[in-house]
2 protein chains.
Amino acid sequence: MARTDDRFRSAYNKLLDICTNMEVGGQLPAEVVLAERMEVSRTIVRSALHKLDAENLILWEGRRKTLVKRPDKRHRLSQSESLPTGEELEKRFLEWILRFDVPAGTSLNIAQLSRQFGVPAHSLQAFLSGLSRFGLVERRAKGGWILSGFTAEFAVELSDFRLVLEMNAVRHLLSLPEDHQIWGKLKEIRKEHEDLRRDLKDRYHDFSTLDEKFHTTINSVVKNRFVVEAQKLISLIFHYHYMWDKRDEQERNAAAIEEHLDWIDAVLAQDRAGSEEAVLNHLRRSKETLLASLKNHKLG
Amino acid sequence: MARTDDRFRSAYNKLLDICTNMEVGGQLPAEVVLAERMEVSRTIVRSALHKLDAENLILWEGRRKTLVKRPDKRHRLSQSESLPTGEELEKRFLEWILRFDVPAGTSLNIAQLSRQFGVPAHSLQAFLSGLSRFGLVERRAKGGWILSGFTAEFAVELSDFRLVLEMNAVRHLLSLPEDHQIWGKLKEIRKEHEDLRRDLKDRYHDFSTLDEKFHTTINSVVKNRFVVEAQKLISLIFHYHYMWDKRDEQERNAAAIEEHLDWIDAVLAQDRAGSEEAVLNHLRRSKETLLASLKNHKLG
DNA sequence: GAAAATGATTTTAATTATTAAATACAAATT
DNA sequence: AATTTGTATTTAATAATTAAAATCATTTTC
């Protein structure tokens, strides 16, 4: 067999819905109209109509499509569940690498991984060749893929790259006019940090989310597809590391909150040198945490 | 048929070479040894030996592989020419977009493009999904690809990104010790600029190469896979634009040479503010040139 | 009898063939 | 004349197929 008929099945079921909302004896609209309403090509509409006709639910003569009988549950076609999206796949793949400490140099088995992640092999391959741009995987000459890996080196380079991007974002930020909405947002986030600091003992798990929100907000002032794309990867990796490295979580988060607050204050005060200092300070520590967690992970 | 037997054919020819360098009546080495020497799996070695046996070039009994006759040209298998590499494909694809001004929003026909570029459809798809990370193409929900395009917006964002990266490189550069090899290289490049300036009338076409060399040198101080990857794309696109936009080439190049010299001098003088100014100045003009060339291209 | 080499089998992945779906075009009906 | 339907063509997703690699078991040789 070739491609799946998922598209046909879901279209057919939609058509049953349309029939259910009609009087027996009524006329179905024209093929083009149905195609447009169902967001599908006329070819599919026609095959679905053929099936309706064959099931004696409609009488189809030329352009007359008369409803003979209201369809019921028995007529519905079962659907295979929808595939995970690209982002879903990305998450699962990184989760797999980080969670099981897949070592650098591991050769990736497309067939097995595609089964494991429940995606067609061919779409996994497309995904990997996307990742290869970021140097996380490599294509071997002989064929096949290897995980060039989540090494300490990778982490250092990723962190350094992050520093370049976020420093740039902060410099942009400082040049924005006073009435820009970013200032209000930053003040809100500042308050959220203070709230969390107050209840840290009970809520220190919430920091991961707040951290992501903070960095996303800072970076949102840079409207640039390359920066945005790179930051997606960065935040994904840092986020997952936060999730699995639970040692000293409360202390680490307490320190990070203070660093964020210094950062926000310096920016709000339009203090250029102070801001850059705060960025450096926070990201340097963040990098060290990432590296330390990598090492411990490997040992454990 | 399934996959090609290119690998087998080239291995077989290599094996013929090995036989040619042997005495008739001599023994071929063990399969594992051959496999290692030919950088190929034992499976291929065995099929090649089978063929040698069938052609009566060797007598193969168990682990005795006796050379019966020296092979000659007639025995060689013809090979299909090797496919374009990934980089080759990248170049051709960008060339196609820029050269024919393929407009943004064009839907890409995989089958046709793969014929045009002479690569298997499936490897083109892998390539496109790599490019989609940079937002040059997009995958449609229904399937298929669209060129989200080499628009003015894309050019602006690419230029801005370039500015961030090169500014970062220059800051790194200024922190390097006096005995670092980069200083010698920069002095050499400075001289090349002066030489070219002197003979500009006759040699102004040479600037494109020198430009690439200059920027590559500057960026070489940043050892970071993300930066390196991004710069590949940047230099490719700027390079191609230089190639096709020939208006005022000599004047533009003369101006650019002066900007480069200012840049180099400021850096050599360890003048931080002056260097940043020079970078800004050159890259701003470069961006404007790129934009202007885009607009003119569209009109012409 | 241990090491090395070969033979057979299983697993993996590149490519082609096949089929679903989309698109384009021609004919027919209102 | 404007829709609507019927037919043919094109495109692309997936499964089947086959080359190549990897693994395991057996045999040979020293």
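Nothing here was measured: the structure is a model prediction, and the numbers come from that model. To find a chain, count down the sequence lines: A is the first, B the second, and so on, and within it residues start at 1.
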Asker: Expressed as a whole number of angstroms, how long is the span from B:Lys51:NZ to D:dA19:C1'?
Answerer: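 My rounded result for the distance is 16 Å.
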Asker: Choose from D:dT5, C:dA21, C:dT6 the nucleotide whose nearest atom is closest to any side-chain atom of B:Ala30.
Answerer: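 Nucleotide nearest to B:Ala30's side chain: C:dT6.
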Asker: How long is the line joining CD of B:Glu36 and C1' of D:dA21, in whole Å?
Answerer: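 The answer, rounded to whole Å, is 15 Å.
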Asker: Please check: side-chain N/O of A:Glu157 versus main-chain N/O of B:Asn224, any donor-acceptor pairing under 3.5 Å?
Answerer: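 Not at all, since once roles are kept as given, no pair shorter than 3.5 Å links the two residues.
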Asker: How many whole angstroms separate atom CZ of B:Arg9 from atom C1' of C:dA14?
Answerer: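 For the pair B:Arg9 CZ and C:dA14 C1', the rounded distance is 16 Å.
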Asker: Does any N or O in the side chain of A:Lys65 come within less than 3.5 Å of the main-chain N or O of A:Gly62, such that one atom is a donor and the other an acceptor?
Answerer: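 No, because the side chain of A:Lys65 does not come within donor-acceptor range (under 3.5 Å) of the backbone of A:Gly62.
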Asker: Testing A:Leu59, A:Ile58, A:Val68 one by one against A:Leu52 for a side chain to side chain contact (heavy atoms under 4.5 Å, CB included), which residue passes?
Answerer: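 By the side chain to side chain contact (heavy atoms under 4.5 Å, CB included) criterion, A:Leu52 pairs with just one of A:Leu59, A:Ile58, A:Val68: A:Ile58.
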Asker: Check DNA chain C against residues 42-50 of chain B and give the residues with a non-hydrogen atom under 4.0 Å, in numerical order.
Answerer: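 Within this stretch, B:Arg42, B:Arg46 sit under 4.0 Å of the strand.
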Asker: Would B:Arg225 pass as a cation-pi partner of A:Phe154, given that its NZ or CZ must be under 6.0 Å from the six-membered ring centre and within 45 degrees of the axis?
Answerer: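 No.
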Asker: Would one find more than 12 heavy atoms of other residues, nucleotides or ligands at under 6.0 Å from atom CD of A:Glu153?
Answerer: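 Open.
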Asker: Please tabulate, for the side chains in residues 28-38 of chain B, all donor-acceptor contacts under 3.5 angstrom to protein atoms that are two or more places apart in sequence or on a different chain.
Answerer:
from	atom 1	to	atom 2	distance (Å)
B:Glu31	OE1	B:Arg42	NE	3.0
B:Glu31	OE1	B:Arg42	NH2	3.1
B:Glu31	OE1	B:Arg46	NH1	3.3
B:Glu31	OE2	B:Arg46	NH1	2.8

Asker: As a test of reading the structure: which of C:dT6, C:dA21, D:dA20 is closest to the side chain of B:Phe8, going by heavy atoms?
Answerer: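 Of all the options, the side chain of B:Phe8 is nearest to D:dA20.
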Asker: Whole angstroms only, please: what is the CH2-P distance between B:Trp60 and D:dT28?
Answerer: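 So the two atoms are 15 Å apart, to the nearest Å.
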Asker: Expressed as a whole number of angstroms, how long is the span from B:Arg7:CZ to C:dT12:C1'?
Answerer: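 Distance check: B:Arg7 CZ to C:dT12 C1' gives 14 Å.
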Asker: Expressed as a whole number of angstroms, how long is the span from B:Glu39:CD to D:dA21:C1'?
Answerer: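 In whole Å, D:dA21 C1' lies 15 Å from B:Glu39 CD.
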Asker: For DNA chain C, determine which residues of residues 10-28 of chain A have any heavy atom closer than 4.0 angstrom to one of its atoms, and list them numerically.
Answerer: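 Within residues 10-28 of chain A, no residue comes under 4.0 Å of DNA chain C.
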Asker: Salt bridge (charged side-chain N to carboxylate O under 4.0 Å, His left out) with B:Arg74: which residues, sequence neighbours excluded?
Answerer: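 Partners of B:Arg74 by the salt bridge (charged side-chain N to carboxylate O under 4.0 Å, His left out) criterion, ordered by chain and then number, come out as B:Asp72.
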Asker: Do any pairs count as a ring pair (Phe, Tyr, Trp, His ring centres under 6.0 Å) and have a residue in residues 18-56 of chain B, sequence neighbours left out, and if so which ones?
Answerer: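 Sorted pair list: B:His50-B:Trp60.
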Asker: Counting just side-chain N and O atoms, does A:Lys65 come under 4.0 Å of either OP1 or OP2 of D:dT5?
Answerer: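 The answer is yes; a side-chain N or O of A:Lys65 sits under 4.0 Å from OP1 or OP2.
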Asker: Donor-acceptor pairs under 3.5 Å, side chain of residues 11-23 of chain A to any protein atom, not counting sequence neighbours: which ones?
Answerer:
from	atom 1	to	atom 2	distance (Å)
A:Asn13	OD1	A:Arg76	NH1	3.4
A:Asn13	OD1	A:Leu77	N	2.9
A:Asn13	ND2	A:Leu77	O	2.9
A:Asp17	OD1	A:Arg76	NH2	2.7
A:Asp17	OD2	A:Arg76	NH2	3.3
A:Thr20	OG1	A:Leu16	O	2.7
A:Asn21	ND2	A:Asp17	O	3.4

Asker: From D:dT14, C:dT6, C:dA20, pick the nucleotide closest to the side chain of A:Asp5?
Answerer: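 Closest nucleotide among those given: C:dA20.
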Asker: Between C:dA28, D:dG6, D:dA21, which nucleotide has the shortest distance from any of its atoms to the side chain of A:Glu31?
Answerer: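 Nearest nucleotide to the side chain: D:dG6.
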Asker: Within this structure, what is the CZ-to-C1' distance between B:Arg63 and D:dT27, rounded to whole angstrom?
Answerer: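 Those two atoms, CZ and C1', are 7 Å apart.
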